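Scroll down for the structure; my scribbles are underneath it.
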Amino acid sequence: MLQVAFIRENKEIVLKGLAKRNIKNAEELVAKTISADEERRAIQTELDAILAESNKLSKDIGQLFKSGETQKADILKKKTVQLKDKSKDLTETLQNKATELQELLYLIPNIPNEIVPGGTSEEDNQNIFQEGEIPTLHKGALPHWELAKKYDIIDFELGNKIAGAGFPVYKGKGAKLQRALINYFLDKNTAAGYEEVQVPLLVNEASGFGTGQLPDKEGQMYHDAQDNLYLIPTAEVPVTNIFRDVILKEDEFPICKTAYTPCFRREAGSYGAHVRGLNRLHQFDKVEIVRIEHPTKSYEALDSMVNHVKGILQELNLPYRILRLCGGDIGFTSALTYDFEVFSTAQDRWLEVSSVSNFETFQANRLKLRFKNNEGKSELAHTLNGSSLALPRVLAGLLENCQTPEGIKIPEALVPYCGFEFIN
RNA sequence: AGAGAGGUGGCCGAGUGGUCGAAGGCGCACGCUUGGAAAGCGUGUAUACGGCAACGUAUCGAGGGUUCGAAUCCCUUCCUCUCUGCCA
């Protein structure tokens, strides 16, 4: 959520940013927000004056009672009763206006960074880096869902029976490979200075609002109505919410956390070949990195996160590319996002395996995540996160790219974690 | 799930109707003191909103009520702890 004061004082920047995201009614939205804010402030000023008067009268009444001047006190009492009615009305008006403003603010996405390209869809994302050799596969090479079946390492059918589509069962070396990947990613992240944390997989409403999943993506999360808890769609939610309502000291930066969690997504509206196999699941494993940074350092941090993810993909020897997401494709809460995609050779398509973003103050404003700057004033911090990495598509890429007529050849870096070199 | 106790500032903790945004202590910051430090002494130390500012308003888990006036009384709700039950 943007700060109202920022919108008020930087209307042109906001409009320009919304234009880059192709928001249709941006002018109207911003105008409404600014006027709601003005009205809100006017009402508050009025209400404050009434309350101030009423507070003063109450004190006077106390004094009068003490000195026994009850008649005078009774006169003042009548006055305060009137003030009370007035203040009650105004309080309600104020609350309505504040809610109206809040709802408008929820509709305004983050302002994209200068370097975010314009564009309307994923077609317009900028390919800024690519490396790794796309292997030439042998004759009869298979997509990963066929390989999974052939070597009996992932059973989609069985998952169907137990839970439904999108909940695969990993078996034998498949299950072990999952565990190996998780440990490998966590080790890479902790070696790079991220502290490992284990967090709840269910979160409350406040946490959902804190990182911006609510109210925008309500339908995308599994919800337990009985206890009003949500299954996390990403570790970003619980990990970032560690810092909800926190005021940091400046010397606590940078804060770097990593967490492995399963992620749960309803993926309502997805269908077709693109959701085949591991391409899109309701439950999947992911290792996440989260950073809380000083505003002047957050873009440096974003670069370092990008380089970190790069290093992992290089070590896994997977062909990948990095995209800078365009205004039309970038997430609601993000100011700048880099997507990492691994080439899935047998499917002949790129699969997103990581998304690394700087949210600047957008999440921090909702989270009330601040720090004391050197003037002693509290200021919003910057939050960032990225996948390092999401498992299913890395696995898909691995299976497809590393297949040989003799079986799947496990990348060297993973062998110590798996304890085997081949799946055959 | 049942019974009981409790939620106050960064932390501990006092406060049962007015002068309480809240004693006292700890912590922290600055200053004095010192060769330097510790101790000691002094000063300061919540957050949000409005206002150029002075200052005003709100906040004692949250929401509502009683009252001229609520941290304090009443209702609802959430959370924590203890015991019992159940259980990996």
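In this text the structure is predicted, and so the values were computed from the model without any measurement.
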### Message
Give me each pair satisfying ring-ring contact (aromatic ring centres under 6.0 Å, His included) with a member in residues 368-403 of chain A, each pair once, sequence neighbours excluded.
### Response
Phe253(A)-Phe371(A), His294(A)-Phe371(A)
### Set of side-chain hydrogen bond (donor to acceptor under 3.5 Å, both in side chains) partners for Gln403(A), sequence neighbours left out
none
### Query
For atom P, what is the distance between A62(B) and C78(B), given to the nearest Å?
15 Å
### Query
Between the side chains of His308(A) and Tyr194(A), does any donor sit under 3.5 Å from an acceptor?
no
### P-based separation of C52(B) from C41(B) [nearest Å]
43 Å
### Task
Just jot down the ring-ring contact (aromatic ring centres under 6.0 Å, His included) partners of Tyr184(A), sequence neighbours excluded, or say none.
Tyr417(A)
#### Entry: side-chain hydrogen bond (donor to acceptor under 3.5 Å, both in side chains) partners for Gln102(A), two or more places apart
Tyr106(A)
### Query
Got a sec, which residues hit ring-ring contact (aromatic ring centres under 6.0 Å, His included) with Tyr320(A), two or more places apart in sequence or on another chain?
none
What pairs of nitrogen or oxygen atoms, one from the protein and one from nucleotides 15-20 of chain B, lie under 3.5 Å apart?
{"from": "G18(B)", "atom 1": "N2", "to": "Ser58(A)", "atom 2": "O", "distance (Å)": "2.8"}
{"from": "U19(B)", "atom 1": "N3", "to": "Lys66(A)", "atom 2": "NZ", "distance (Å)": "3.3"}
{"from": "U19(B)", "atom 1": "O4", "to": "Lys66(A)", "atom 2": "NZ", "distance (Å)": "2.4"}

### Message
Atom CD of residue position Glu9(A) - does it have more than 12 heavy atoms of other residues, nucleotides or ligands inside 6.0 Å?
### Response
yes
### C1' atoms of U34(B) and A39(B), separation to the nearest Å
11 Å
#### Entry: Passing option when Leu101(A) is tested against Glu38(A), Arg40(A), Lys32(A) for side chain to side chain contact (heavy atoms under 4.5 Å, CB included)
Arg40(A)
### Query
Applying the side chain to side chain donor-acceptor pair (under 3.5 Å) test to Tyr230(A), which of Lys217(A), Gln213(A), Glu218(A), Gln220(A) qualifies?
Glu218(A)
### Message
Give me the distance, rounded to whole Å, that separates U72(B) from G15(B) when you measure between the C1' atoms they each carry.
### Response
8 Å
### Message
Could you spell out the base pairing of RNA chain B as a dot-bracket line? Use Watson-Crick and G-U wobble contacts where both distances are under 3.5 Å, [ ] for crossing pairs, | for partners on a different strand.
### Response
((((((((.[[[..)..(.....]]]((((((.......))))))(((((....))))).[[[[[..)....]]]]])))))))....
### Task
Do nucleotides 47-61 of chain B as a string where each nucleotide becomes B, S or -: B if the base has a protein heavy atom under 4.0 Å, S if just the sugar-phosphate does, - if no protein is that close.
SSBSS----BSS---
### Query
What residues in residues 202-212 of chain A put a non-hydrogen atom under 4.0 Å from any atom of RNA chain B?
none
Protein N or O to nucleotides 26-30 of chain B N or O, pairs below 3.5 Å:
none

### Query
Taking the same atom, C1', in C20(B) and in A29(B), what whole-Å distance lies between them?
26 Å
### All salt bridge (charged side-chain N to carboxylate O under 4.0 Å, His left out) counterparts of Lys97(A), not counting sequence neighbours
Glu39(A), Glu100(A)
### Query
Expressed in whole Å, how much space separates the C1' atoms belonging to G35(B) and C30(B)?
22 Å
### Query
Contact class for Lys78(A) (heavy atom, under 4.0 Å): base, sugar-phosphate, or nothing?
nothing
### Task
Tell me which of Lys88(A) and Ser54(A) sits closer to the 5' end of RNA chain B, going by the nucleotide each one is nearest to.
Lys88(A)
### Query
So with a 6.0 Å cut-off around NZ of Lys79(A), is the heavy-atom count from everything else above 12?
no
#### Entry: Contacts of type side-chain hydrogen bond (donor to acceptor under 3.5 Å, both in side chains), residue Lys16(A), not counting sequence neighbours
none
### Task
Apply the side chain to side chain contact (heavy atoms under 4.5 Å, CB included) test between Thr211(A) and each candidate in Arg244(A), Arg366(A), Glu236(A); give the one that qualifies.
Glu236(A)
### Query
From Ile322(A) CD1 over to Tyr338(A) OH, what is the distance, rounded to the nearest 0.5 angstrom?
9.0 Å
### Task
Before accepting this row, confirm whether a basic side-chain N of the pair Lys78(A)/Asp74(A) lies closer than 4.0 Å to the acidic partner's carboxylate O.
no
### Task
Please measure how far the P atom in A71(B) lies from the corresponding atom in G21(B), and state the result in whole Å.
8 Å
### Exercise: do Arg324(A) and Thr337(A) side chains pair donor with acceptor under 3.5 Å
no
### Span that lies between the P atom of U84(B) and that of C28(B), in whole angstrom
41 Å
